Every structure is written in C-alpha cells, then in structure tokens.
Amino acid sequence: MLIALIGVGCSDAAGPAHVETVEVVDFSPSATVATSIPVTIETRDRWGQPVPGVPIRATVLTEGGALAPAKGVTDDAGRWFTLWTLASVAGEQSLHVEAGAAAHTLHAAARPGTPETLVVADGDAQLGAVGELLADSIRVEARDRHGNAVSDVPMEIAVLEGGGSVDPADGITGPTGSITVAWTLGAELGDQRLEARMTGGRSVEVMAEAGPGPATTLEQVSGNGQSGVAGSTLPEPLVVRARDRYGNPSRSPVTFSVHGVGGRVSTGIVVPDPDGIASTGWVLATTAGIAGVAARVQEGAVVQFSATVLPAPPEALLKDAGDGQLGYTSGTLANVLVARVVDGFGNGVPDVPVTFAVVEGGGSVAPTATKTDPEGLVRATFTLGPSIGFHRVAATFPGAHAGGGAGPSIFEATAASLPPARVAVVAGDGQNANAGSAVTSAPSVLVSDAVGNPVPGVAVVFSPASGGGSVSGSSPITDVTGVATVGSWILGPTAGSQSLEAAVVGLAQTSIVATALPGPPEALRIEAGDGQSAPAGSPLASAPQVRVVDEFGNGVPGSTVSFSVTGGGGSVDMTSAVTGADGIASALRWILGSAPGTNTLRASTAGLAPVSFHASATSGASDFALEVRFVGEVSAAQQSAILAAANRWNAIISGDLPSATVSLAAGSCAMGHPGFEGTVDDLVVFVEITAVDGPGGTIGSAGPCWLRSGSLLPIFGAITLDRDDVPTIEANGRLYDVAVHELGHVLGIGTLWRANALLQDAGGGEPYFSGASATAEYLSGGGTHPNPVPVENTGGSGTRDAHWREAQFGTEVMTGWINLGVQNSLSRVSIGSLADLGYSVRIGAADHFAALAPPAAPPAPPLRLSETPLGVPIVIH
C-alpha cells in the first residue's frame with residue numbers, strides 16, 4: 001500500500017532534499033487486537049525521488065498500543081520500517097508518523113479475538129413472579145480474553161432449574177457480541193437457573209428468584225358470622241389467605257371494605273404475609289342489622305364476611321305513633337299507641353318488658369304489660385273514659401329515659417262528644433203520588449249518636465237514588481232535636497218504586513221509598529201482535545196486545561179495553577179485557593177469517609182514541625186435508641171454533657198421505673155418525689156434541705179409529721164433547737184450544753205413541769216420549785228434564801201417559817190441562833212428535849213457546865181435560 005505524505009517547504013543546495021511526500025509501502029489496516037502490524041514508509045522529494053536520511057518519529061495515538069522502533073532515519077532508499085503492536089481494545093486505532101516537515105496518521109481496525117468467556121451483561125439476579133415473564137430481558141455477551149465483545153458466536157440457551165421457558169432458545173451474537181432472550185419463570189417458588197452455552201462448551205448461568213404471582217383466589221380463614229353490640233369491635237379479626245394461580249401464597253394487596261349497615265375496618269389495604277395471610281379488625285356500625293365486609297384483590301377475587309349488629313342495652317323509651325289523637329268519650333282510639341325502646345344509637349331493642357297505664361281521664365289500655373318485638377316496638381289499644389278533655393297513658397320500662405329525661409313516655413288524647421252513628425227515617429217514607437208530582441209529606445230523618453242521643457248541627461244531603469225526580473232544600477242541617485227535613489220531593493216520571501237517599505258523611509246512606517203511580521190515561525198504544533200473517537181460519541202466533549199509558553208513557557192499570565173484529569171475519573178469545581199492572585190488555589187469541597185477505601181488529605177504551613191491528617190471512621194451501629164432519633146439533637159458533645182448529649193442523653201438516661178407499665159402517669167410531677163409502681184424502685174426523693156425564697165430569701173423548709197399514713197414520717177419527725161442559729169452555733174462550741187439543745189426539749199425539757214404540761216407562765214414575773225430532777226440539781227449547789220428552793205421570797187413565805207433563809210444559813196445548821187467562825201454545829215439541837209418527841210437518845208453524853224449565857204458575861187455575869179413551873177397537877186398513 002502506497003500512501004504519499006506531502007511535505008511543505010522548499011530545499012536549498014546546501015542541505016538534504018526537502019521531503020514532499022511520505023508513501024506507506026507496506027501496511028495492513030485490520031488485525032486482531034494485541035497483534036503486530038508491519039509498517040514501511042518511503043519519503044520522496046518534490047520530483048518523486050527517494051529522500052534518504054530523513055529523521056522519522058512515530059507515535060501510537062491509541063492507548064495500549066506500541067511501536068518498535070518508534071523513531072529512526074530513512075535508509076538509502078528513503079524507507080523506514082517499524083512494527084506496530086495494536087492495543088487490546090477492539091475498534092479503530094491510530095498511528096501518527098512525522099518525516100521532516102511532513103506528517104500523516106494511519107488508522108487500523110482492531111478485531112476482537114477468539115471468544116473465550118461468556119458474560120451476563122443484563123438481567124441477572126432478577127426477582128419475578130412464578131409463571132410470569134421477567135421484567136428485564138437476559139443479555140449474554142461473548143468476549144475474547146481481552147474482554148472485547150465477539151459477534152457471530154453461536155449460542156444455546158436452556159432452563160436448568162425451576163421450569164419455565166426462554167425465547168429464543170438459540171441464536172448468534174450480534175454486532176455487540178450479545179444475544180438477548182426473554183425468560184418466563186416456571187411455577188416453582190425460589191431460585192431458578194438459566195444457562196447460555198457457546199460452541200466449544202463455554203457457558204454462563206443466569207439466576208432469578210421466583211416469588212408468588214398475583215393473587216387469583218381468596219380463601220376465608222376465619223372471622224365470618226360473628227355478632228356484636230352496635231359500635232363495638234368484633235373479637236376476632238377477619239382473616240383471608242391469598243393464592244396465585246398455582247396455589248402459592250400470594251402477597252398481592254388485599255382491600256377490605258364495609259357494606260350493609262356500615263361500620264369500618266381497622267386497615268383497609270393489607271399486604272399478606274409470606275403465607276398469603278391478610279387480616280384486619282372490624283368496628284361495627286351503630287345501626288343494628290346485618291353488616292358486611294368484602295375482601296378483594298385487584299385481580300377480582302372477592303370473599304364476603306357478614307356480622308350481626310346487635311342493639312346495645314336499652315337507653316330510652318320513645319313515642320313512635322298514636323300520640324295526640326282525637327277520639328270520642330268511651331270510644332277506642334282509631335290508631336294504636338306505639339312505643340319504641342332504643343339503645344344509645346337509636347336502635348330498637350327487642351324483648352324489653354314495657355308497662356302501659358292510664359294516668360289521666362279514665363278508660364282502659366290493653367295490654368298493660370308486654371315485651372318489645374324484634375324492632376323494639378310495643379303496641380297498645382287505648383279506650384277513652386267517659387269524660388271530655390285530656391286523657392293520658394304512660395309507657396315505661398325499668399330504667400327508661402323518655403326523650404333524654406327520666407320518667408315514662410306519656411301518650412295524650414283528647415276526648416270529644418260522640419259523633420253521629422245512625423240516620424233513621426222519621427217521616428215521609430212509604431208514600432204514594434202520581435209520577436212527576438210531589439209527595440204530600442216532605443221526608444225527614446233523625447241523626448243520633450251510638451247511644452241514641454240526637455246530634456244537632458249535622459249536614460244531611462238528600463238526593464234521588466232511583467226513579468229520577470228532584471228535591472228542593474237538599475242539604476238541611478239537623479236542628480236541636482237532630483232532625484233534618486228536605487224542602488220537597490218531586491217524583492220522577494217513571495211509575496214504580498222510587499227512592500230518596502239521606503246521607504251523612506261517614507255513615508251509611510238511608511233510603512226513603514215512595515211509589516210513583518201512573519197518572520190518568522192519556523193514550524192507547526199497540527203493544528204487540530200487529531202486522532202478522534197466518535193461514536185463513538188459523539190463529540195468529542202472537543196475541544194482540546195494547547197498553548193504556550199516562551202522559552209519561554207509564555202503563556195505567558184497571559182500564560177496560562174492548563176488542564172487536566172490524567174486517568175479514570174471524571174472532572178473538574177476549575172481547576173485553578182489563579189492563580194489568582203494566583197497563584197491558586190482551587185479546588189472547590185472534591183467529592183469522594176463513595177467506596184469504598186483510599183482517600182488522602179494533603181496540604178501544606173510554607175517552608181515548610182507538611187503535612187498529614192488521615193481519616193477513618193467507619190461503620194456507622197444503623197437501624194435507626183434515627176434513628171435519630159434524631154429527632148432530634153443533635152451533636155455528638162451535639163449528640167456527642172447531643173448523644179453525646182443523647185449519648190450524650192443516651197449516652202445520654204439509655205432506656199428503658196415501659188416499660184410502662174405505663167402507664165405514666155407521667156408528668163404528670164410538671158415536672152415531674152416518675156410514676161412509678168412498679175415498680178419504682187425508683183424514684176425516686167426526687165431531688159430536690152430546691150428553692156424556694153431566695157438568696164437571698168427563699169433557700169427552702177423542703182419537704183415531706181407522707189406521708193405514710204400514711204407517712199406522714189415521715184415516716178416520718172421532719171427537720165427542722159433553723154438551724153440559726161445552727158452555728163453560730165457550731164462556732172461558734177455550735173451545736178453540738180444546739178442539740186443537742182433541743184433534744191432536746186424533747192425529748196420534750198420545751194415542752198412537754205406544755203403537756209406534758215411542759212411549760217409554762208407560763205406567764211408571766218417569767214416562768217419556770223418545771222420538772228423535774220431539775226430543776231435539778225439547779232440548780233446543782231449553783228443556784232440562786233428565787228423560788226428554790217428559791210425559792204426564794199423574795191424572796189417571798186418559799190423562800197420564802197421553803199428554804205432555806204439566807209440571808214441565810204448563811201452557812202447552814197438549815198437556816192434560818187448558819190454562820185460563822193466558823195463551824195455550826202449540827209448541828215445536830208437539831209438531832216434532834207428529835214428525836216422529838211419520839207426518840211431514842212445518843216445524844216453523846209452531847206458536848212461540850219458551851216455558852220448558854219449568855213454567856211459571858198461570859194467573860188462574862187450569863181447566864182439567866177429563867177425557868176417556870175413545871172406547872172402540874182401532875181398525876187397521
């Protein structure tokens with residue numbers, strides 16, 4: 001290597017040539033520390049010629065380095081040689097050379113030597129927590145024998161003791177000669193060791209001490225469930241043990257904090273001892289009850305302690321409730337007296353004996369001796385004495401101090417006169433007056449106390465309670481006699497019972513009753529039965545009804561109403577009727593005329609405009625024909641009623657029966673009828689009114705006498721009525737009902753049941769009709785008898801087993817009795833029974849009838865239909 005050192009200055013002829021440059025002709029810029037580098041320099045003049053004899057002086061600038069020699073003179077070739085021994089410290093080293101006036105500094109890189117030792121540079125002897133990464137990384141350096149760090153040295157790192165792990169487990173030293181690893185300690189407490197080893201077997205150990213980790217669990221050791229007096233310190237400290245996740249005793253700080261009724265702990269934050277034990281004292285709060293302390297560590301583990309704070313010894317008896325009440329002489333106060341025995345902190349003290357005693361005013365207190373409950377309370381009921389004014393009760397217990405002073409607690413009450421206790425009517429009850437008018441006598445009431453003394457000066461409020469109406473002077477004050485009188489009471493417009501309420505605050509209301517009577521008749525109105533239709537000659541389903549009303553629309557009883565047919569013919573059961581309590585009068589039954597068209601009926605009463613009913617008589621066409629043939633003397637009126645009954649059945653039975661060509665001998669149907677030769681379509685019924693057994697006996701008999709084979713439906717039938725009973729039946733307007741009834745027997749109701757196996761338990765205590773159609777109609781109509789359909793079980797032969805049971809059916813026309821004063825209805829059950837016998841029927845042609853469970857009593861005793869069987873053999877044709 002040639003390095004030119006350029007000199008400064010000029011030569012003269014008398015001396016040596018001036019050195020302009022110094023060239024380094026032999027030099028290695030890098031070597032191992034503490035080794036020698038040969039250095040050869042050459043001096044030259046300005047023309048590049050070697051300059052011999054030039055004094056040379058060299059100086060090692062790096063401490064620890066050396067030259068041999070350090071100075072000299074250039075040889076004939078202008079060169080000078082020296083040996084530079086590097087210092088033992090790795091890094092850049094410098095050599096300064098001076099040749100005459102020229103100078104230059106050489107630099108050499110001193111490399112570390114062979115690694116001979118390992119040194120722990122950082123992280124040794126740390127203290128950490130088991131299972132945790134040490135805070136400082138472990139750094140190990142490889143050094144040569146001079147202590148220089150050596151790079152690129154392969155290393156292996158392994159845990160020797162205590163478990164745990166390192167990262168990385170191997171590597172190569174870096175430019176600083178070191179390798180850095182992270183050491184996670186194992187789970188064992190105490191010393192743990194790590195070894196770093198380089199190739200060739202040289203190694204170094206790193207030590208660490210593993211302490212317990214942060215506490216993850218707390219164990220309750222002792223001190224829970226104690227009890228103590230309010231404000232005292234519990235005898236046992238609260239003790240817990242903290243452990244880390246490996247179960248090692250932990251020294252993580254434990255925080256104790258109170259909750260519940262309060263108190264305080266002696267030390268709030270405690271560092272556990274080496275065994276993980278932390279403890280604190282507990283000073284209880286001054287409030288009795290359940291107190292709590294929580295012990296917890298930062299990692300979240302919590303242990304709860306509880307203690308019962310007991311009241312201290314009793315210090316005072318205080319009034320809690322019931323003082324200063326207002327009552328009435330000899331009366332029990334509304335609120336009980338309540339006292340509380342407390343300790344010095346105000347806690348109720350239980351099981352303390354307390355005595356109550358009346359000290360002024362008389363009366364009584366109960367109980368007189370008791371003990372405080374768990375809250376320190378005692379209660380007593382105070383009944384005042386008979387005197388007006390202050391009454392006092394003393395409550396005390398041994399050693400009590402009421403309100404901070406000695407002596408009992410005194411409850412006071414004031415006794416006043418007795419309050420109103422009852423309100424009684426003294427005048428004006430039970431009067432009658434026309435609706436909308438005032439009663440004659442103004443009602444009044446008496447207000448008295450519990451022992452019957454009148455109470456003056458009490459406000460009484462009168463107000464109509466039912467029926468409407470109004471009052472004047474509605475809020476009178478009782479006078480010295482305790483009486484209050486309303487100004488006047490005007491009844492409401494609705495007839496019937498009305499009431500006036502007399503009210504005193506705090507007492508039950510008292511009722512005064514009056515009856516509002518209907519006023520004079522003002523109008524006659526149609527109530528029901530207008531605009532109906534029915535087959536000609538048949539009765540309408542609903543009876544025509546009118547109502548006589550006063551000016552307010554109240555029904556007026558006792559008015560006579562006349563009914564008269566004014567168009568279309570026909571008849572009514574009642575031509576004259578008296579209005580009932582509801583003001584209603586009824587014609588009972590309107591039987592239409594025999595020709596189709598409009599029928600009219602007029603209703604009138606004296607002094608009022610009459611009203612008219614309108615009905616439409618239809619043709620009533622049917623494929624069924626029931627033909628009536630009268631035998632003997634039958635009046636026109638009687639024929640009309642009986643034919644109307646036949647038309648009723650013709651309108652109900654819709655289906656044609658097979659025609660029958662027969663020869664009937666005269667008198668073969670139990671009467672003196674003529675013979676018959678020819679065809680019958682569908683039924684011929686002979687009707688005779690003749691002597692039977694005198695008035696009040698047997699009314700007659702009826703039934704079929706010839707039946708069709710197969711269907712067993714009648715061809716011929718007969719009805720015999722006693723001429724001594726018919727006038728009574730006519731006078732009651734019931735010949736039509738009797739005719740409907742007897743024709744029903746001819747059709748088979750009650751007479752053909754056994755032949756068709758439809759009568760069950762005949763002669764027994766519970767006979768019933770089992771036909772499906774009649775049963776369904778009975779149940780859908782509200783019938784509730786266990787065996788539908790119930791058949792009469794009383795009345796003897798001719799009545800029982802042949803009619804519907806009067807106890808269930810009442811006003812139905814096919815029972816054994818005809819009812820007076822009401823309509824006798826032909827129900828869906830009777831029509832359904834014909835369907836069960838084999839007829840085709842119009843079930844909707846039935847009368848309205850809803851008295852099946854059981855019916856109400858009729859307004860007049862019914863007329864028993866004392867019948868006898870037809871008395872002839874039935875011929876099946």
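If you're wondering where the values come from, they're calculated on a predicted model, not measured in any experiment.
Taking the side chain as every heavy atom from C-beta outward, Leu185 and Val130 never approach each other to under 4.5 Å. Taking 4.5 Å as the limit, some side-chain heavy atom of Glu116 sits within range of a side-chain heavy atom of Arg202. Side-chain contact between Leu83 and Pro38: present, with at least one pair of heavy atoms (C-beta onward) separated by less than 4.5 Å. Side chains of Val378 and Val341 form no contact here, defined as non-hydrogen atoms less than 4.5 Å apart. A 4.5 Å side-chain heavy-atom check between Val336 and Val338 finds at least one atom pair inside the cut-off. Under the 4.5 Å side-chain criterion, counting only non-hydrogen atoms from C-beta, Leu333 is not in contact with His391. In this structure, the side chains of Trp183 and Ile157 stay at 4.5 Å or more apart for every pair of heavy atoms. Looking at Gln93 and Val60, their side chains never come closer than 4.5 Å, going by heavy atoms from C-beta outward.
For Ser28 against Ala108, the heavy-atom pair with the smallest separation is O-CB, 4.5 Å. For the residue pair Thr117 and Asp144, the shortest heavy atom distance occurs at OG1-O, 4.2 Å. Minimum interatomic distance between Ala278 and Phe256 (heavy atoms only, all atoms of both residues): O-CZ, 4.0 Å. Taking both residues in full, the closest heavy atoms of Val365 and Ala380 are given as CG2-CB, 3.7 Å, listed atom of the first, atom of the second, then distance. Nearest heavy atoms, Gly113 versus Val33: N-CG2, 4.2 Å. Summarising the geometry of Ile410 relative to Ala394, their closest heavy-atom pair is CD1-CB, 3.5 Å, with the distance given to 0.1 Å.
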### Task
Show your reasoning for whether side chain to side chain contact (heavy atoms under 4.5 Å, CB included) applies to Thr370 and Phe356.
CA-CA 8 Å; Thr370 184; Phe356 288 95; 4.2 Å; yes
### Task
For Ser257 and Val265, run side chain to side chain contact (heavy atoms under 4.5 Å, CB included): C-alpha distance rounded to whole Å, both residues' side-chain angles, the deciding distance at 0.1 Å, then the answer.
CA-CA 7 Å; Ser257 59; Val265 291; over 6 Å; no
### Query
Does the side chain to side chain contact (heavy atoms under 4.5 Å, CB included) test come out yes or no for Ile277 and Val239, once each step is laid out?
CA-CA 7 Å; Ile277 296 296; Val239 182; 3.7 Å; yes
### Task
Apply side chain to side chain contact (heavy atoms under 4.5 Å, CB included) to Ile56 and Thr43, showing your working.
CA-CA 10 Å; Ile56 299 297; Thr43 59; 4.3 Å; yes
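Ile37 CD1 to Leu86 CG: the interatomic distance, rounded to the nearest 0.5 Å, is 4.0 Å. If you take OG1 on Thr180 and CD1 on Ile138, they are separated by 9.5 Å, rounding to the nearest 0.5 Å. Atom CG of Leu133 and atom OG of Ser165 lie 8.5 Å apart (nearest 0.5 Å). We find the OG-CD1 distance between Ser151 and Ile172 to be 10.0 Å, quoted to the nearest 0.5 Å. If you take CG on Asn148 and CZ on Arg111, they are separated by 12.0 Å, rounding to the nearest 0.5 Å. Between atom CZ of residue Arg139 and atom OG1 of residue Thr173 there is a gap of 11.5 Å, rounded to the nearest 0.5 Å.
Side-chain atoms of Arg340 come within 3.5 Å of backbone N or O of Glu375 as a donor-acceptor pair. No donor-acceptor pair under 3.5 Å is formed between the side chain of Thr82 and the backbone N or O of Leu67. A donor-acceptor distance shorter than 3.5 angstrom exists from the side chain of Thr74 to the backbone of Gly53, with no hydrogens or angles considered. A distance-only check finds a donor-acceptor pair linking the side chain of Thr62 to the backbone of Ser94 [under 3.5 Å]. Checking side-chain atoms of Gln226 against main-chain N and O of Glu236 turns up a donor-acceptor pair under 3.5 Å. A distance-only check finds no donor-acceptor pair linking the side chain of Asp124 to the backbone of Val206 [under 3.5 Å]. Side chain of Thr308 to backbone of Ile290: no donor-acceptor contact under 3.5 angstrom is found. A donor-acceptor contact shorter than 3.5 Å is absent between the side chain of Ser203 and the backbone of Glu195. Looking at Lys371, its side chain never comes within 3.5 Å of a backbone N or O of Pro350 through a donor-acceptor pair. Without hydrogens or angle criteria, Asp45 side chain to His18 main chain gives no donor-acceptor distance under 3.5 Å.
In this structure, Arg197 does not pair ionically with Glu156, as no charged nitrogen and carboxylate oxygen lie closer than 4.0 Å.
Thr85 and Ser36 are linked by a side-chain donor-acceptor pair at a separation below 3.5 angstrom, with hydrogens and angles left out of the test. A donor atom on one side chain and an acceptor atom on the other are found under 3.5 Å apart for Thr280 and Ser266.
Atom CG of Asp275 has more than 12 neighbouring heavy atoms from other residues, nucleotides or ligands inside a 6.0 Å radius. Crowding of Leu127 atom CG: a count of heavy atoms from other residues, nucleotides or ligands under 6.0 Å exceeding 12. Around CZ of Arg392, the count of heavy atoms belonging to other residues, nucleotides or ligands within 6.0 Å exceeds 12.
Screening Glu205, Glu188, Glu209 against Arg193 for a salt bridge (charged side-chain N to carboxylate O under 4.0 Å, His left out) leaves a single residue, Glu205.
Arg79 forms no cation-pi arrangement with Phe81, by the criterion of a distance under 6.0 Å to the ring centre and an angle within 45° of the ring axis.
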